[in-house]
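What follows is a short report on a single structure.
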2 protein chains.
Amino acid sequence: MGLEMGILVRNAVEPEGGCLRAEPVSHCATCHTRFLAVCSAFEDHELSDFNRIVQHRCHAAKAALFEQGQNADFVFSVSEGVVRLFRLLSDGRRQIIGFALPGDFLGVSLPLTHDYCAEAVGAIRVCRIPRNAFVALVDEKPHLLRKLHEFACRDMRTAREQMVLLGRKTAEERVAAFLLTMRERWARVAHCSVTVPLPMSRVDIADYLGLTIETVSRTISKLARDKAIVVVPDGVRLLDIPRLQAAGAR
Amino acid sequence: MGLEMGILVRNAVEPEGGCLRAEPVSHCATCHTRFLAVCSAFEDHELSDFNRIVQHRCHAAKAALFEQGQNADFVFSVSEGVVRLFRLLSDGRRQIIGFALPGDFLGVSLPLTHDYCAEAVGAIRVCRIPRNAFVALVDEKPHLLRKLHEFACRDMRTAREQMVLLGRKTAEERVAAFLLTMRERWARVAHCSVTVPLPMSRVDIADYLGLTIETVSRTISKLARDKAIVVVPDGVRLLDIPRLQAAGAR
DNA sequence: CGTTTCGTTGATATTAATCAACGAGCGTGG
DNA sequence: CCACGCTCGTTGATTAATATCAACGAAACG
């Protein structure tokens, strides 16, 4: 943590608890993820109840939102940027269990302690919500629980796909499937495009796909050599989507 | 399906839709999983509402409860036996995404179509519930939704563990972790014991752990040679749990 | 402008997959 | 009852995929 704090301070001014001063969203009503995130459970007139308990915050790259085993005092909704979620084995091996994009929620299970770590990939904006206040709101508003369950079920579907990928797909299939999935997920957030942002490092991608950096790098190079993709700064442009779908093994 | 029907018929009489005549539980109140399964959401006096819509059924080994892509007309609660849940790739590769034990629920997301297959491993008893009636009941009873969400979150935690296993663990670690997890899960159902029932075949275990049968077989043999386990009919007895925990890589 | 990090590529090692053979158990049918 | 075919699990030999080790260039950063 000390190390990361240092990076934070180097990148931007940090008034308290890792939150940067770059001004966050002032009110949920103006948030990009208003109709995408859990807050889509609320009617406009209910939003102020929610807004009262959320804290709009910014974090620099590599900031930890929470760590494996830590008390879950807060839950989070990502409003901008990407968060990596991962578990660590005792010998340092890491498995990234997901990337949270804008609109995604961290803490659907309202856990007492977090069972994975969450770190900002690049700079991010999040809504931080005290767990207790949120639990109280969930108790009060049935549609919120329903929305939460919906989110949990979507996460579950994604997790199942990932199990198939990790258990039974080859390196090329994993990378191709990853690119197509990220494309779909970004399409939900922003307008659809063939250029897929990949703000995370090769190490992150490797730890997500159960591969090594070298294998990820080689596979991406191969797809580029085959003219299925073009590597661009912080992302790839998908040239031959049918080719990728064939490679992705459905 | 034709093949499996044949097996069903050979094993037991089958009056309709793959349900065997061996008499199922007559009422939820007498069910082994009364306080373990979703029905634990109900007080005793509410149970008859639930009992009215459930169908207690038996299935022979290899019977399919539902298939990937099929309309989800029913959801299920397992009351006896083990169900394998899996996805198939177009070329036949299979990934088992979970084993459902007594008390487990299939269809927490109340999906319109199933996105995986469910098959009885051995003979099973299940509560089959028409999806529509169940959805109506969930709308009516807030604690049921809460219970469902709790189940979804538990599944999610299991899925995350499995992603770590599939992405980052060695063959021996996978097998050791699998045995320890199965032990814990059986302990929830029946009394705790060092003998872990493994009613599923080696192929099933392999497809769950992202390995081949040969590797599973060799690894089990190695653990047995090391006196960490003893192989018994349809299961293993865990002799050296610390050794297994060390091998299981936390 | 040096230092560090990150991504790429090449050479080699290692793990687990594949290919192959065999024996035990089981149900079927002669 | 025994012989036959079949499935299942085990073990051995070999191969293939990916990990590991190593070197290097480019970009980022202080």
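Here is how names work: the chains are called A, B, and so on, in the same order as the sequence lines, proteins then strands, and each is numbered from 1.
- Whole-Å rounding puts the B:L166 CG to C:dA16 P distance at 13 Å.
- Between B:D207 and B:R93 no salt bridge is recorded (no basic side-chain N to carboxylate O distance below 4.0 Å).
- Nearest-nucleotide positions on DNA chain C for B:L211 and A:V203 put A:V203 closer to the 5' end.
- In this structure, the CG atom of B:L198 is 16 Å from the P atom of D:dC8, given to the nearest Å.
- Within 4.0 Å of B:S221, counting heavy atoms only, lie sugar-phosphate atoms of the nucleic acid but no base atom.
- With salt bridges taken as basic N to acidic carboxylate O contacts below 4.0 Å, one links A:E172 and A:K222.
- Residue order along DNA chain D, read from the 5' end via each residue's closest nucleotide, puts B:S217 first among A:R174 and B:S217.
- Taking the side chain of A:A171 as heavy atoms from C-beta on, and the options C:dG10, D:dT18, D:dG9, the nearest nucleotide is D:dT18.
- Atom P of nucleotide C:dA17 and atom CG of B:D207 are separated by 11 Å, given to the nearest angstrom.
- Atom pair B:K169:NZ and C:dA16:P shows a separation of 14 Å (rounding to whole Å applied).
- When only modelled atom types and interatomic distance are considered, A:R237 and A:T195 share a side-chain donor-acceptor pair under 3.5 Å.
- OP1 or OP2 of C:dA17 sits under 4.0 Å from a side-chain N or O of B:T215.
- Nucleic acid contact for A:S201: sugar-phosphate only, since backbone atoms but no base atoms lie under 4.0 Å from a heavy atom of the residue.
- The neighbour count for B:R154 CZ, taken as heavy atoms of other residues, nucleotides or ligands under 6.0 Å away, is above 12.
- Taking atom CD on B:E214 and atom P on D:dA16, their separation rounds to 16 Å, with Å as the unit.
- Rounded to an integer number of Å, the gap from A:I220 CD1 to C:dT8 P is 6 Å.
- In this structure, the NZ atom of A:K62 is 11 Å from the C1' atom of D:dA28, given to the nearest Å.
- Distances shorter than 4.0 Å separate some side-chain N or O of A:R202 from OP1 or OP2 on C:dT8.
- As rounded to whole Å, 13 Å separates atom P of C:dG25 from atom CG of B:D234.
- Interface remark: the A:R218 side chain does not form any donor-acceptor pair with the C:dG7 base, using a distance-only criterion of under 3.5 Å.
- Taking the six-membered ring where the residue is Trp, the centroids of A:Y116 and A:F86 are separated by 6.0 Å or more.
- At the heavy-atom level, B:I213 lies nowhere under 4.0 Å from the strands shown.
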